[in-house]
Amino acid sequence: MERIFNFNAGPATLPLVVLEEAQNELLNFKGTGMSVMENSHRTKEYEAINSEAEALVKELLGVPENYRVLFLQGGASTQFAAVPMNLVSVDSHADYILTGAWAEKAQKEASKFVKTNVIASTKEENYTRIPRIDEIKVSDGPAYVHLCSNNTIFGTQWQSFPDLGDIPLVADMSSDIMSRRFDVSKFALIYAGAQKNLGPAGVTVVIIRKDLLEGIPSNIPTMLRYDIHAKNDSLYNTPPSFSVYMVNLVLRWLKNNGGLAAAEKRNTEKAALIYNTIDNSEGYYRGHAVKDSRSLMNITFRLPNEELEKKFAVEATAQGMIGLKGHRSVGGLRASVYNAMSIEGCMALAEFMKAFQSKNG
Ligand SMILES: *Cc1c(COP(=O)(O)O)cnc(C)c1O
């Protein structure tokens with residue numbers, strides 16, 4: 001059977017060469033006579049995977065010396081609680097910028113444990129854009145400011161990040177990590193579930209500045225403590241070893257294909273194929289995001305009516321392009337075109353869009 005073009009928002013498509021490599025090694029990983037899944041995490045083979053993945057995250061993103069890279073479980077959703085628990089002391093609070101459903105969830109979860117302020121939000125505009133820098137009013141001495149770099153559901157993305165001086169900036173980068181270059185040193189903590197841009201579900205990457213590992217309150221559950229995981233090199237308990245192994249293969253693939261500069265170039269070209277089709281459709285396709293907030297990863301758009309949107313998804317599926325139905329809160333269509341989506345997939349979708357319009361316009 002042919003592989004399809006998978007535009008799902010997550011879990012998402014993986015590079016074919018990575019899947020083939022995993023397949024080749026599945027029954028006998030590096031002469032161990034067993035798969036990575038069956039091996040102990042206390043072996044030199046697994047420790048090599050763990051440390052190579054950590055080193056590749058650092059190399060690809062240019063992570064400075066004063067940061068740790070951790071591989072944790074529980075998804076990005078667990079970080080919604082772990083971040084405030086670890087970083088906010090009893091007499092402090094945290095600021096949140098709301099740009100979509102995930103940012104809202106992060107703030108809501110944090111507010112169970114600590115005082116939170118919403119310091120900017122585009123909810124009133126149905127999250128069609130990222131707030132301008134001058135709309136962000138940081139409160140007095142927050143423990144951190146939290147933002148979501150790419151809004152998976154609404155299809156918007158921060159084009160540049162606010163400069164907050166000494167105030168720690170925390171970002172949920174689940175749906176755009178490793179898709180473009182950015183300055184890690186602007187952030188105190190970055191987290192990302194792997195299943196969009198890095199590998200399969202089951203592991204969450206956390207990049208944390210080392211000074212934040214000091215003074216974590218003693219009543220935080222062990223498994224949520226960044227200091228414990230850092231001290232144990234992400235091997236405090238049994239890690240999601242196969243997921244980390246897959247992330248390592250994806251990171252190698254990224255490196256072999258020119259690193260983040262090349263990924264950014266490919267992603268810009270890929271997204272342009274689809275955005276240009278929207279922009280040249282004389283209003284047949286309408287993008288949800290305003291132009292200067294458009295995401296390179298999740299492209300959200302509407303058709304003239306819901307019937308056509310349904311028909312579009314059904315016919316696209318019949319042509320081997322799946323996962324295009326938009327999230328219910330936005331409606332319409334969404335093409336998720338993460339790192340592993342090929343340019344051929346984006347070309348096929350753009351051609352399909354043009355043909356669909358000619359037939360149904
Ligand atoms: C998918 C997603 C999440 C949720 O991730 P889980 O790993 O399922 O908890 C959080 N934030 C963003 C931006 C996402 O895209």
Side-chain angles (χ1 to χ4, degrees), residues 6-14 70-85 94 96-112 116 121-123 127 129-131 144-159 161 169-180 182 187 189-207 223-224 229 234 239-240 242-244 246-247 250 267 271 288-289 293-300 323 325-330 334-341:
N6 176 2
F7 291 96
N8 270 315
T13 190
L14 289 165
L70 308 174
F71 298 109
L72 308 182
Q73 298 193 63
S77 300
T78 296
Q79 296 308 309
F80 295 166
V83 167
M85 284 178 141
Y96 281 76
I97 301 175
L98 303 190
T99 51
W102 293 115
E104 276 183 19
K105 279 197 171 163
Q107 186 252 334
K108 205 166 159 208
E109 184 78 350
S111 64
K112 291 181 180 169
T116 62
S121 171
T122 50
K123 190 182 176 77
Y127 295 127
R129 65 179 182 90
I130 299 294
Y144 60 82
V145 170
H146 180 281
L147 61 78
C148 180
S149 58
N150 182 75
N151 300 285
T152 323
I153 291 173
F154 292 89
T156 63
Q157 187 174 29
W158 289 78
Q159 314 292 310
F161 295 110
L169 185 58
V170 173
D172 175 358
M173 295 199 181
S174 293
S175 55
D176 71 348
I177 193 158
M178 300 276 175
S179 67
R180 58 177 176 175
F182 68 93
F187 296 86
L189 189 152
I190 293 164
Y191 62 93
Q195 68 272 24
K196 276 104 187 197
N197 235 349
L198 291 178
V203 61
T204 308
V205 176
V206 172
I207 302 167
M223 281 302 290
L224 297 183
H229 291 296
S234 307
F242 195 73
S243 294
V244 175
M246 289 296 291
V247 166
V250 170
N267 289 329
H288 177 79
S293 292
R294 280 176 166 176
S295 167
L296 295 183
M297 299 281 97
N298 308 96
I299 302 171
T300 46
K325 192 174 177 305
H327 192 273
R328 61 190 177 282
S329 58
V330 182
R334 169 175 57 178
S336 297
V337 292
Y338 301 118
N339 281 346
M341 172 53 68

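Indexing begins at 1, ligand by ligand and atom by atom, following the structure's order.
Sorted by chain and number, the heavy-atom contacts of ligand 1 below 4.0 Å come from Gly75, Ala76, Ser77, Phe80, Trp102, Cys148, Asn150, Thr152, Asp172, Ser174, Ser175, Gln195, Lys196.
Residues Arg334 and Ile153 form a side-chain contact, since some pair of their non-hydrogen atoms from C-beta on lies under 4.5 Å apart. Taking the side chain as every heavy atom from C-beta outward, Met178 and Val250 never approach each other to under 4.5 Å. Counting heavy atoms from C-beta outward, Leu72 and Thr78 have side chains that stay 4.5 Å or more apart.
Taking the six-membered ring for Trp and thresholds of 30 and 60 degrees, Phe154 and His288 have ring planes inclined between 30 and 60 degrees apart. Ring planes of Tyr96 and Tyr144: perpendicular class, angle over 60° (limits at 30 and 60°). By the 30° and 60° cut-offs, the orientation of the rings of Phe182 relative to Phe187 is perpendicular.
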